[in-house]
Amino acid sequence: MKIEFAPLSLPLQRRLQTASVAQWVFSFVCLAQCCVAAFIGLLFTRFWLVTVLYSAWWLLDREKPKTGGRRIHFMRNCVVWRYMRDYFPARLVKTADLDPRKNYLMGFHPHGVLAVGAFLSFCTEASGFPTLFPGITPHLMMLSLWFRIPFFRDYLMSGGLVSSEKESASYVLRKPEGGNVLAIVVGGAQEALDARPGSCTLLLRKRKGFVRLAIQHGTPLVPVFSFGENDLYDQVRNPRGSWLRQIQHWLQQIMGISLPLFHARGIFQYSFGLIPYRRPICTVVGKPIPVQMNQTPSNEEVDRVHQRYLDELSKLFEEHKAKYNIPEDSHLEFI
């Protein structure tokens, strides 16, 4: 006998979607601190052996974030991510096929405040990446700092996140069997300080390391633009040269992470909080840019490929902006 469950009511679906987003925001804002507290706190309880055993495991496993991580299908396919996807809603759009016999390097833009589109597209199955790009395994780079936090590092790796070090990137891109994507949020933490609704500013003009990496491995470059990424949060005004921006830049140089003062809505009210606004995100994956392998590329070669990447990214933005309510007079600005 087949048992059928009644569909969830719309109010209940909305609550579950909001709860899933709140859980994700909490995981990156507070979970890391809780993991550190638990790791230390267990030493002073009868469960002290947990910390000791995990420390031994951590020592043996310390290189894993640099060697492809440790993805767990159950975590990537968790129902929580589908509720999170439907909250905005978020979707992934393909404009060209990717050959599973090759490796690819994707540049993701813009960073936004929390890179929500990058997480949903490359660290979960909710956006349908395996269906759109069969035979391709995505990896998303993240600051190495986060992989030094006990327990939290395992949570990050379960989704396909890897360390943002050159050795980590090379490990993914040099796999001879192909079928791997290395996604890099090129603007990084510094670009998050410019994330606000309507912004089309990308910190990309002088960022050429990812291009050099692609040339050294002969890996095609794929531009990716996430429409709506900057619309999820409001940010306290911090123009370049202001005292607030100078403090944020100083803290970033010390800690390696930026501290944008952002706000949006709450869980039970819509006036103020850390939950992102319910606004659509559409992550568009562009066409691969062929790159000829050269292990010692000259600066001129890097500049040439970098300029082509900028041109293709601008073309991708111009071709799709009308579909996502971007004003006709809005264009990408590279700084």
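Every value quoted in this text rests on a predicted model; they were computed, and no experiment measured them.
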Colleague: Could you report the tightest heavy-atom contact between S226 and E229, atom names first, then the distance?
Modeller: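 Smallest interatomic distance, heavy atoms only, reads OG-OE1, 3.1 Å.
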
Colleague: Looking at D86 and R91, is there a salt bridge between them, counting it only when a charged N and a carboxylate O are closer than 4.0 Å?
Modeller: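 No, this pair does not count.
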
Colleague: What about H109 and F225, are their ring centers closer than 6.0 Å?
Modeller: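 No: the rings miss the under 6.0 Å criterion.
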
Colleague: Please say yes or no: joined through hydrophobic side-chain contacts below 4.5 Å, possibly via intermediate residues, are L156 and F129 part of one cluster?
Modeller: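 Yes, L156 connects to F129 through the hydrophobic network.
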
Colleague: Locate the shortest heavy-atom distance separating M106 from V285; write the atom from each residue and the value.
Modeller: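 In terms of heavy atoms, the two residues are closest at CE-CG1, 3.7 Å.
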
Colleague: Mind checking whether Q248 and N238 have side chains closer than 4.5 Å, heavy atoms only?
Modeller: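 Side-chain contact under 4.5 Å: yes.
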
Colleague: Any donor and acceptor pair, going by atom type alone, linking the side chain of H249 with main-chain N or O of G241 inside 3.5 Å?
Modeller: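 No, because the side chain of H249 does not come within donor-acceptor range (under 3.5 Å) of the backbone of G241.
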
Colleague: If you count the non-hydrogen atoms of other residues, nucleotides and ligands that lie under 6.0 Å from NZ in K102, is the total more than 12?
Modeller: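 Result for NZ/K102: open.
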
Colleague: How close do P290 and P288 get, counting heavy atoms only, and between which atoms?
Modeller: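 Closest approach of P290 to P288: CD-O, 3.6 Å.
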
Colleague: Hey, is K66 close enough to E167 for a salt bridge, meaning N to O under 4.0 Å?
Modeller: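 The answer is no: the pair does not qualify as a salt bridge.
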
Colleague: Going by side-chain contact (heavy atoms from CB on, under 4.5 Å), L105 matches just one of V222, V172, L173. Which one?
Modeller: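 The passing option is L173.
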
Colleague: Within a strict 4.5 Å, meaning less than it, do heavy atoms of the V36 and Q33 side chains meet?
Modeller: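 Answer no - side chains too far apart.
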
Colleague: Where do D194 and R245 land on the salt bridge (charged side-chain N to carboxylate O under 4.0 Å, His left out) test, with the steps shown first?
Modeller: CA-CA 10 Å; D194 288 315; R245 188 59 167 261; 3.0 Å; yes

Colleague: Look only at the side chain of Y309 and the backbone of G107, and say whether a donor-acceptor pair between them is shorter than 3.5 Å.
Modeller: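 Indeed, once roles are kept as given, a pair shorter than 3.5 Å links the two residues.
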
Colleague: Is the shortest side-chain heavy-atom distance between T283 and S127 below 4.5 Å?
Modeller: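 Not touching, per the 4.5 Å side-chain cut-off.
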
Colleague: Applying side chain to side chain donor-acceptor pair (under 3.5 Å), which residue pairs with at least one partner in residues 285-297 are found, sequence neighbours left out?
Modeller: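 Listed by first then second residue: N294-E301.
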
Colleague: Quiz question: by atom type and distance under 3.5 Å, do the side chains of S168 and S163 form a donor-acceptor pair?
Modeller: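 Side-chain D/A pair, S168 to S163: absent.
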
Colleague: Kindly indicate whether the side chain of R240, heavy atoms from C-beta on, has any atom under 4.5 Å from the side chain of I335.
Modeller: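 Result yes, sub-4.5 Å side-chain heavy-atom pair found.
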
Colleague: Would you say NZ of K315 has more than 12 non-hydrogen atoms from neighbouring residues, nucleotides or ligands within 6.0 angstrom?
Modeller: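 Result for NZ/K315: open.
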
Colleague: For a quick test of reading the model, state the closest non-hydrogen atom pair linking I149 to C35 and the distance between them.
Modeller: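 Heavy atoms of I149 and C35 come nearest at CG2-CB, 4.2 Å.
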
Colleague: Could you go step by step and tell me if F88 and R278 meet the side chain to side chain contact (heavy atoms under 4.5 Å, CB included) rule?
Modeller: CA-CA 5 Å; F88 297 102; R278 191 187 292 269; 5.6 Å; no

Colleague: Could you check Y87 against T18 for side chain to side chain contact (heavy atoms under 4.5 Å, CB included), going step by step and ending with a plain yes or no?
Modeller: CA-CA 6 Å; Y87 169 86; T18 304; 3.7 Å; yes

Colleague: Between D99 and Y104, is any side-chain donor less than 3.5 angstrom from a side-chain acceptor?
Modeller: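 Absent: no donor and acceptor within the cut-off.
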
Colleague: Would you say N103's side chain and K175's backbone share a donor-acceptor pair under 3.5 angstrom?
Modeller: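 Side chain of N103 to backbone of K175, a donor-acceptor pair under 3.5 Å: yes, one is there.
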
Colleague: Start with the C-alpha distance between N299 and R212, add both sets of side-chain angles, then the distance that settles side chain to side chain donor-acceptor pair (under 3.5 Å), and finish with yes or no.
Modeller: CA-CA 9 Å; N299 291 335; R212 184 178 297 275; 3.0 Å; yes

Colleague: Has the side chain of R308 got a donor or acceptor atom that lies under 3.5 Å from a matching backbone atom of I289?
Modeller: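 No: the side chain of R308 does not pair with the backbone of I289.
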
Colleague: If you group Ile, Leu, Val, Met, Phe, Trp and Tyr by side-chain heavy-atom gaps below 4.5 Å, do F210 and V224 land in one group?
Modeller: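 No, F210 does not connect to V224 through the hydrophobic network.
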
Colleague: Would you check, one step at a time, whether the test side chain to side chain contact (heavy atoms under 4.5 Å, CB included) holds for F147 with K64?
Modeller: CA-CA 10 Å; F147 294 96; K64 197 63 179 177; over 6 Å; no

Colleague: Does S121 use its side chain to pair, donor to acceptor, with the backbone of A118 at less than 3.5 Å?
Modeller: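 No: the side chain of S121 does not pair with the backbone of A118.
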
Colleague: With heavy-atom distances below 4.5 Å as the criterion, would you say the side chains of V284 and Y324 are in contact?
Modeller: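 In short, these two side chains touch, coming nearer than 4.5 Å.
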
Colleague: Tell me whether the count of non-hydrogen atoms from other residues, nucleotides or ligands lying under 6.0 Å of OH in Y270 goes above 12.
Modeller: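 No, the 6.0 Å shell around OH holds no more than 12 heavy atoms from other groups.
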
Colleague: Search all heavy atoms of G286 against all heavy atoms of L316 and return the closest pair with its distance.
Modeller: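 Minimum heavy-atom contact is CA-CD1, 3.9 Å.
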
Colleague: Donor-acceptor check, side chain of N230 to backbone of S199, threshold 3.5 angstrom: yes or no?
Modeller: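 Yes; at least one donor-acceptor contact below 3.5 Å.
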
Colleague: Given 3.5 Å as the limit, does a donor-acceptor pair link the side chain of R71 with the main chain of T137, or not?
Modeller: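 Checking the backbone N and O of T137 against the side chain of R71, no donor-acceptor pair under 3.5 Å is found.
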
Colleague: Check the pair L332, L313 against side chain to side chain contact (heavy atoms under 4.5 Å, CB included), reporting the backbone distance first and the verdict last.
Modeller: CA-CA 9 Å; L332 292 183; L313 179 60; 4.0 Å; yes

Colleague: Hey, are the side chains of V93 and L132 touching, using non-hydrogen atoms and a 4.5 Å cut-off?
Modeller: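 In short, these two side chains do not touch, never coming nearer than 4.5 Å.
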
Colleague: For G178, is there any backbone N or O sitting under 3.5 Å from a side-chain donor or acceptor partner on N180?
Modeller: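 Flag set: sc N180 to bb G178 pair under 3.5 Å.
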
Colleague: Thinking salt bridges, do D231 and R196 make one under a 4.0 Å N-O criterion?
Modeller: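 Between R196 and D231 there is no salt bridge, as every charged N stays at least 4.0 Å from the carboxylate O atoms.
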
Colleague: Is it the case that over 12 heavy atoms from other parts of the model lie below 6.0 angstrom from the CD atom of E177?
Modeller: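 Count over threshold, so yes.
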
Colleague: Could you check whether D303 and Q307, counting side-chain N and O atoms only, form a donor-acceptor pair closer than 3.5 Å?
Modeller: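 No.
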
Colleague: Is the shortest heavy-atom distance from the side chain of F47 to the side chain of V50 under 4.5 Å?
Modeller: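 When only atoms from C-beta onward are counted, V50 and F47 do touch, with a gap below 4.5 Å.
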
Colleague: To the nearest 0.5 Å, tell me how far I184 CD1 sits from L182 CG.
Modeller: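 Interatomic distance, I184 CD1 to L182 CG, rounded to 0.5 Å: 4.5 Å.
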
Colleague: Start with the C-alpha distance between E165 and S144, add both sets of side-chain angles, then the distance that settles side chain to side chain donor-acceptor pair (under 3.5 Å), and finish with yes or no.
Modeller: CA-CA 7 Å; E165 297 178 55; S144 305; 3.2 Å; yes

Colleague: Please confirm whether the ring centroid of F227 lies under 6.0 Å from the ring centroid of F317.
Modeller: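 Ring centroids of F227 and F317 are less than 6.0 Å from each other.
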
Colleague: Could you tell me the separation between the CZ atom of F262 and the CG atom of L232, rounded to the nearest 0.5 Å?
Modeller: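 With rounding to 0.5 Å, CZ (F262) is 11.0 Å from CG (L232).
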
Colleague: Quick one: are the ring centres of F151 and Y54 less than 6.0 Å apart?
Modeller: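 Yes.
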
Colleague: State the OG1-CH2 distance between T51 and W48, to the nearest 0.5 angstrom.
Modeller: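 The OG1 atom of T51 sits 10.0 Å away from the CH2 atom of W48.
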
Colleague: Are L251 and L143 connected in the hydrophobic side-chain network, where two residues link if heavy atoms are under 4.5 Å apart?
Modeller: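 Yes, it is one cluster - the side chains of L251 and L143 are joined through contacts under 4.5 Å.
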
Colleague: Quick check: closest heavy atoms across A214 and V291, and the distance to 0.1 Å?
Modeller: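 That would be O-CG1, 3.8 Å.
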
Colleague: Mind checking the CG-CH2 spacing from L161 to W146? Nearest 0.5 Å is all I need.
Modeller: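 So the CG of L161 and the CH2 of W146 are separated by 12.0 Å.
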
Colleague: How long is the straight-line distance from CZ of R174 back to NE2 of H217, given to the nearest 0.5 Å?
Modeller: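 Rounded to the nearest 0.5 Å, the NE2-CZ separation comes to 6.5 Å.
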
Colleague: Which distance, rounded to the nearest 0.5 Å, do you find between the CZ of F334 and the NE2 of H306?
Modeller: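 F334 CZ to H306 NE2: 8.5 Å, rounded to 0.5 Å.
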
Colleague: Could you verify whether a donor N or O on one side chain and an acceptor N or O on the other, from Q17 and R85, lie under 3.5 Å apart?
Modeller: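 No pair is found: no donor N or O on one side chain lies under 3.5 Å from an acceptor on the other.
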
Colleague: Measure from the side-chain N and O atoms of S258 to the backbone N and O of P260, and report whether any donor-acceptor pair falls under 3.5 Å.
Modeller: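 Not at all, since once roles are kept as given, no pair shorter than 3.5 Å links the two residues.
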
Colleague: State yes or no: do V113 and M84 share one hydrophobic cluster built from I, L, V, M, F, W and Y residues joined by side-chain heavy-atom distances below 4.5 Å, directly or via other members?
Modeller: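 Looking at the clustering, M84 is in the same group as V113.
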
Colleague: Is it possible for you to say whether L203 and V185 belong to one hydrophobic cluster, with membership spreading through side-chain heavy-atom contacts below 4.5 Å?
Modeller: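 Not linked; separate clusters.
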
Colleague: State whether the side chain of R153 and the backbone N or O of R148 hold a donor-acceptor pair below 3.5 Å, judged by distance alone.
Modeller: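 It does not hold such a pair.
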
